[in-house]
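The block underneath contains the structure these notes are about, expressed in structure tokens.
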Amino acid sequence: MVWWTAAVCAFFIKGLCGFANTLVFTTILSFAADNARISPVELLLGYPSNLILMWKERRFIRWKLCLPLSALVTAGSIPGILFLKNTDAGVIKVIFGVVIFLLGLEMLLRELRQKKVRQSRAVLMIVGVLSGLLCGLYGVGALLGAYLSRVTEDSASFKANICVVFLVENTLRIFLYALWGILTVEILKQAVLLLPFMLAGLGLGMLGGRVLDEARVKKCVTVMLMLSGAALILR
């Protein structure tokens with residue numbers, strides 16, 4: 001029952017905001033299952049959700065934006081495996097969590113002021129590079145979300161481009177999980193059983209995105225960024 005609830009809730013947020021499904025799914029299930037079981041199931045559910053959202057918003061894809069980020073994610077994932085084996089990832093995640101939370105807070109305050117703030121291109125480039133590397137190294141998509149929310153015009157463009165990057169990262173991670181034996185027959189069966197609940201949550205989220213106005217969806221994105229940062233700090 002808790003797995004079904006987690007799938008519906010997580011992918012409702014995915015359909016509404018375009019990301020943060022991992023945060024919701026892991027948070028709900030962290031008291032009931034081990035992360036080694038949660039992550040591969042969520043990965044298999046997240047892959048088709050990214051395909052669906054990307055296809056739906058395909059006309060808003062900016063290849064010059066998402067392809068370089070996708071390359072950074074791919075490049076960052078491989079050395080990240082070796083890096084994390086010899087580094088205290090907990091300390092680094094706390095630092096990144098603080099940065100993500102503050103970014104989300106700044107974005108929320110900017111939305112509440114309803115004023116356009118001129119962005120530094122250099123700062124955006126730095127955040128973009130870090131977001132790609134961190135997503136590959138730690139599976140953290142929040143900085144990626146923070147960056148893309150600044151450089152995309154609306155929620156449709158945001159969802160299209162972030163899902164392209166996630167698809168690249170997911171493809172690589174599925175290959176590595178299969179190579180390491182993390183993806184088992186039992187994991188595959190559980191993902192298949194949860195697929196209808198994922199689709200139901202995703203559909204409701206996409207419907208909610210059409211009903212809610214653009215400003216509310218943007219605020220939802222920034223709140224999820226702040227929650228992502230807080231979750232990294234607490235975990």
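The first residue of the sequence shown is numbered 1, and numbering continues consecutively from there. All values derive from a computational prediction rather than experimental measurement.
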Membership question, hydrophobic clusters at under 4.5 Å side-chain separation (ILVMFWY): are [Y] and [X] in the same one?
X: Val185; Y: Trp180; result: no
X: Val192; Y: Ile182; result: no
X: Val211; Y: Phe12; result: no
X: Leu195; Y: Leu167; result: yes
X: Leu207; Y: Leu202; result: no

> Within the side chain of Asn161, is there an N or O that forms a donor-acceptor pair under 3.5 Å with the backbone of Arg62?
Replying inline: yes

> Between the main-chain N or O of Ala156 and the side-chain N or O of Lys56, is there a donor-acceptor pair closer than 3.5 Å?
Replying inline: no

> Is the Phe25 ring parallel, tilted or perpendicular to the Trp3 ring (thresholds 30°, 60°)?
Replying inline: perpendicular

Hey, does [Y] have a side-chain heavy atom less than 4.5 Å from the side chain of [X]?
X: Glu57; Y: Ser155; answer: no
X: Leu199; Y: Ile52; answer: yes
X: Leu148; Y: Ile162; answer: yes
X: Phe11; Y: Glu42; answer: yes
X: Val168; Y: Val165; answer: no
X: Trp63; Y: Val164; answer: yes

Pairwise distance [atom1]([X]) to [atom2]([Y]) - rounded to 0.5 angstrom:
X: Leu179; Y: Leu176; atom1: CG; atom2: CG; value: 6.5 Å
X: Lys159; Y: Ile61; atom1: NZ; atom2: CD1; value: 14.0 Å
X: Ile38; Y: Leu43; atom1: CD1; atom2: CG; value: 13.5 Å
X: Leu69; Y: Lys64; atom1: CG; atom2: NZ; value: 15.0 Å
X: Ser70; Y: Leu172; atom1: OG; atom2: CG; value: 11.5 Å
X: Leu183; Y: Phe175; atom1: CG; atom2: CZ; value: 11.5 Å

>> For Arg58, give me all partners under salt bridge (Lys or Arg N to Asp or Glu O under 4.0 Å), at least two apart in sequence or on another chain.
In response: none

>> Under the criterion side-chain contact (heavy atoms from CB on, under 4.5 Å), I'd like the reasoning laid out for Phe60 against Phe158: C-alpha separation, chi angles, the key distance, then a yes or no.
In response: CA-CA 8 Å; Phe60 297 104; Phe158 174 84; over 6 Å; no

Heavy-atom pair with the smallest gap, counting every atom of [X] and [Y]:
X: Leu53; Y: Cys163; value: CB-SG, 3.6 Å
X: Met198; Y: Pro48; value: CE-CG, 3.7 Å
X: Leu16; Y: Gly208; value: CD1-C, 3.8 Å

> Between Leu51, Leu44, Leu45, which is the residue that forms a side-chain contact (heavy atoms from CB on, under 4.5 Å) with Tyr47?
Replying inline: Leu51

> Applying the side-chain contact (heavy atoms from CB on, under 4.5 Å) test to Lys14, which of Asn50, Val24, Thr22 qualifies?
Replying inline: Asn50

> Do Ser39 and Tyr177 have side-chain atoms, one donor and one acceptor, less than 3.5 Å apart?
Replying inline: no

